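Protein chains get the first letters and strands the later ones, always in sequence-line order, with residue 1 at the start of each. Since the structure is predicted, the reported quantities are computational estimates derived from the model, not experimental observations.
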Amino acid sequence: MIKITLPDGAIKEVDSGTSAMDVALSISEGLARNVLSAKVNGEVWDASRPITEDSTLSLLTWNDEEGKATMWHSSAHLMAEALEFLYPGVKLAIGPPIENGFYYDIDFMDYTFSENDLKKVEDKMKELAKQKLVFERKEVSKADALAYFTEKEDPYKLELINELEDGTITMYTQGNFTDLCRGPHMPHTGPIKAIKLLSVAGAYWRGDEKNKQLTRIYGITFPKAKELTEYLERLEAAKQRDHRKLGKELELFTFSQKVGAGLPLWLPKGTALRERLINFLKKAQDDSGYDQVCTPHIGHKDLYVTSGHYEKYGADSFQPIKTPNEDEEFLLKPMNCPHHCEIYASSPKSYKDLPVRYAEFGTVYRYEMSGELHGLTRVRGFTQDDAHIFCMENQVEEEFEKVIDIVKYVLKSLDFQDYTAQISLRDKDNRDKYIGTDENWEKAEQAIINTTKRAGLNTVIEYGEAAFYGPKLDFMVKDAIGRSWQLGTIQVDYTLPERFELEYTGADNQKHRPIMIHRAPFGSMERFVAVLIEHCAGKFPLWLTPTQVAILPLSEKYNDYCQNLSKSLKNYDIRALVDDRNEKIGKKIRDTELEKTPYMLIIGEKEAGDNVLAVRKQGEGDLGSFTLEEFAKKIQQEVEEQIKY
RNA sequence: GCUGAUGUAGCUCAGGGGUAGAGCACUUGCUUGGUAAGUAAGAGGUCACGGGUUCAAUUCCCGUCAUUAGCUCCA
């Protein structure tokens, strides 16, 4: 007899060799039907695998992440079976579960496979799933595994087996399909009720571009058709708030083939919004003791050799610009820090001057591989809301905290509630890729950990994600539909002051080296606006939105009255536009609703006569009558509420 | 960069070896309205760019540029 401890602490005494499924059956048949796999002593197992020693056991169903992964992994095998049936002789590489579904990498040999063929595979999978094919686990020797896949002529599996240790190899079979697999798998294919193959893409064998490119098929399965429908609806909703689509519709930005890939062009409305964001941050920075500086878009190659960026990024950067006569080399600036270091160095500094904080909305250029470009989130020219703080050792933590405060203020004002601070430290093993001394790294890493703890941030530590010159704190922001983006960043740097030989004179009349903090609360204007658009689905906070109020005259008779109204609102710093088109009021309201303008004023005979405003709120409807003063006050209050410290 | 898909009016898209079409937007006329689409007419295109095949190419082929999905999830 062995003892099985269940999650609620209950202990069951059962015969050795009892499976998780047996335990489930002893609890209830309904539960047993839903079991996909089981966690035995912390390891995910097949529900049917015999347990032979005292163990903790939790049964995994569709409601557990591991349960989902089990079903998706099994679905990948099911797809492989369907593919082998429809395309005999295809070579299979790997097929794991992923965050949303699964994929399988396939070498289609001489077959051609396109998106149009997905349906056919999907149908075959459905047919197979209905047969409730049982997944059988088998431990095999390395020799047997090699023999099986040699016979099958599958080079990918053979390569994988050769790297495995004898005695640890397992195979799984369902129906007519056998695969090398660590498992676990669900008991049988029955619970796979809804199947959708989503896309076909290329992927290199083992992720290495020198290897052969295989065909990757992505899919997802569910135990209920309704869940699939809901999933597809969520995908559709995400598409609807894609910043590339909304950016076009709301006339915020565009791209031009002639200007070049990855070089965004900001349209008037987008620029106005961007300027508003910039002024908002400038004010916060002004209040926090920052000084604005301004530096050129190019810098001498030597500047970047000194900073170390040339060595690190030279090949990835744009090519140097050569002067015609002197043959000097300049680079488009990939970052602002070296310029700011030279500003610091332009005059002697005393400890009494520190900290100095140089801020610049600096446009930088970086060469991104053409395939990496993506809307406004990954571009080749972008503007950082950059600043560099030069301070003394004993000021680092306080400065760091102040920066965290600004970032928190920015995120709050734009209604980002849900974010994580990711502390990026050095790779634990491979330390060659970082510049600077171990001692300085230790100090900087500790400073970040301490301050984030004190600021009460929700943090996660990532090793190996640090910049090459120092550790950093990145703000990972979740948008409204749960996707995570890296926006603001704060980085401690002991290295650049060293390389630029920056100094200050201490109270002891000795020269000391300042410490540098890089920071950008938005990250870049481009990425921030992109994420903001997706976060609010184009319905910007009132303080930021391009047009706050649309004035809709009921007929052309009231156009002049409305123009005057617009001017009056301007005196209250309210941005209003008059829709003076020759259209009916229903049409004007509909168009304004679709443009997501927050407020509408409907002006006809009654309003013009009584000197009142009929107010309508976007998405909500009629709010009733207001006087101009009442309305202006309402708007101003709402704006102040949003950008309060 | 690699692989696939895509590129037709300002936007969203249909079409197809014999020099192009819809809806919305735009212009003009009628209409002057009460909280999500009034009505009629009109204008608008080197079918991304360059080459090839053909009597004829926007359509087929090749190349370039751009957009897009994936190449990060590891039996």
> Are the side chains of A:Pro546 and A:Glu251 in touch, meaning some heavy atoms are under 4.5 Å apart?
Replying inline: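 Side-chain contact under 4.5 Å: no.
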
>> So A:Arg366 and A:Phe382, do their side chains get closer than 4.5 Å, heavy atoms only?
In response: yes

Whole Å only: how far is the [atom1] atom of [X] from the [atom2] atom of [N]?
X: A:Ile217; N: B:rG4; atom1: CD1; atom2: C1'; result: 13 Å
X: A:Lys239; N: B:rU68; atom1: NZ; atom2: P; result: 14 Å
X: A:Leu214; N: B:rC74; atom1: CG; atom2: P; result: 16 Å
X: A:Ile220; N: B:rA69; atom1: CD1; atom2: C1'; result: 17 Å
X: A:Glu368; N: B:rU68; atom1: CD; atom2: P; result: 14 Å
X: A:Lys157; N: B:rC74; atom1: NZ; atom2: C1'; result: 11 Å
X: A:Leu180; N: B:rA75; atom1: CG; atom2: C1'; result: 5 Å
X: A:Leu267; N: B:rC11; atom1: CG; atom2: P; result: 12 Å

>> Within the supplied structure, the quantity of interest is the number of heavy atoms (other residues, nucleotides, ligands) at a distance under 6.0 Å from A:Glu153 CD; does it exceed 12?
In response: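 At most 12 heavy atoms, drawn from other residues, nucleotides or ligands, come within 6.0 Å of this atom.
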
>> Would you say A:His374 places a side-chain N or O within less than 4.0 Å of OP1 or OP2 belonging to B:rU67?
In response: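 The answer is no; no side-chain N or O of A:His374 sits under 4.0 Å from OP1 or OP2.
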
> Which ones in residues 243-252 of chain A lie close to RNA chain B, meaning a heavy atom under 4.0 Å from one of its atoms?
Replying inline: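 Within this stretch, A:Arg244, A:Lys248 sit under 4.0 Å of the strand.
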
Could you give the distance separating [M] and [N] at their [atom1] atoms, to the nearest angstrom?
N: B:rA56; M: B:rU64; atom1: P; result: 26 Å
N: B:rU53; M: B:rC62; atom1: C1'; result: 11 Å
N: B:rC60; M: B:rA14; atom1: P; result: 15 Å
N: B:rU12; M: B:rU68; atom1: P; result: 12 Å

>> One thing to verify: whether A:Lys91 and A:Asp154 come together as a salt bridge, which I'm taking to mean a side-chain N less than 4.0 angstrom from a carboxylate O.
In response: no

> When you check every protein heavy atom under 4.0 Å of nucleotides 23-38 of chain B, what one-letter string (B, S, -) results, 5' to 3'?
Replying inline: --S----BBBBBBBBB

>> Dot-bracket, 5' to 3', for RNA chain B please: Watson-Crick or G-U pairs under 3.5 Å, [ ] where pairs cross earlier ones, | where the partner sits on another strand, dots elsewhere.
In response: (((((((..((((....[..)))).(((((.......))))).....(((((..]....))))))))))))....

> In a check of side chain to side chain contact (heavy atoms under 4.5 Å, CB included) between A:Ile603 and each of A:Leu552, A:Asn559, A:Leu565, which one passes?
Replying inline: A:Leu565

> How long is the span from the CD1 atom in A:Ile602 to the CD1 atom in A:Ile589, to the nearest 0.5 Å?
Replying inline: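 Rounded to the nearest 0.5 Å, the CD1-CD1 separation comes out at 4.0 Å.
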
> Roughly how far, to the nearest 0.5 Å, is the OG atom of A:Ser625 from the CG atom of A:Asp610?
Replying inline: 7.5 Å

Every protein N/O lying under 3.5 Å from an N/O of nucleotides 70-73 of chain B:
residue, atom, partner, partner atom, Å
B:rG70, O3', A:Tyr218, OH, 3.0
B:rG70, O2', A:Gly202, O, 3.3
B:rG70, N2, A:Gln213, NE2, 3.2
B:rU72, OP2, A:Gly207, O, 3.1

> For A:Trp62, is the NZ or CZ atom of A:Lys68 found under 6.0 angstrom from the centre of its six-membered ring and inside 45 degrees of the ring axis?
Replying inline: yes

> Sequence neighbours excluded, which residues qualify as side chain to side chain donor-acceptor pair (under 3.5 Å) partners of A:Thr215?
Replying inline: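 Counting only residues at least two positions away or on another chain, A:Thr215 forms no side chain to side chain donor-acceptor pair (under 3.5 Å).
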
>> If only side-chain N and O atoms count, and only distance matters, is there a donor-acceptor pair under 3.5 Å linking A:Tyr231 with A:Asn100?
In response: no

Polar atoms only, N or O, under 3.5 Å: list the protein pairs with nucleotides 63-65 of chain B and their distances.
residue, atom, partner, partner atom, Å
B:rC65, O2', A:Gln257, NE2, 3.3
B:rC65, O2, A:Gln257, NE2, 3.0

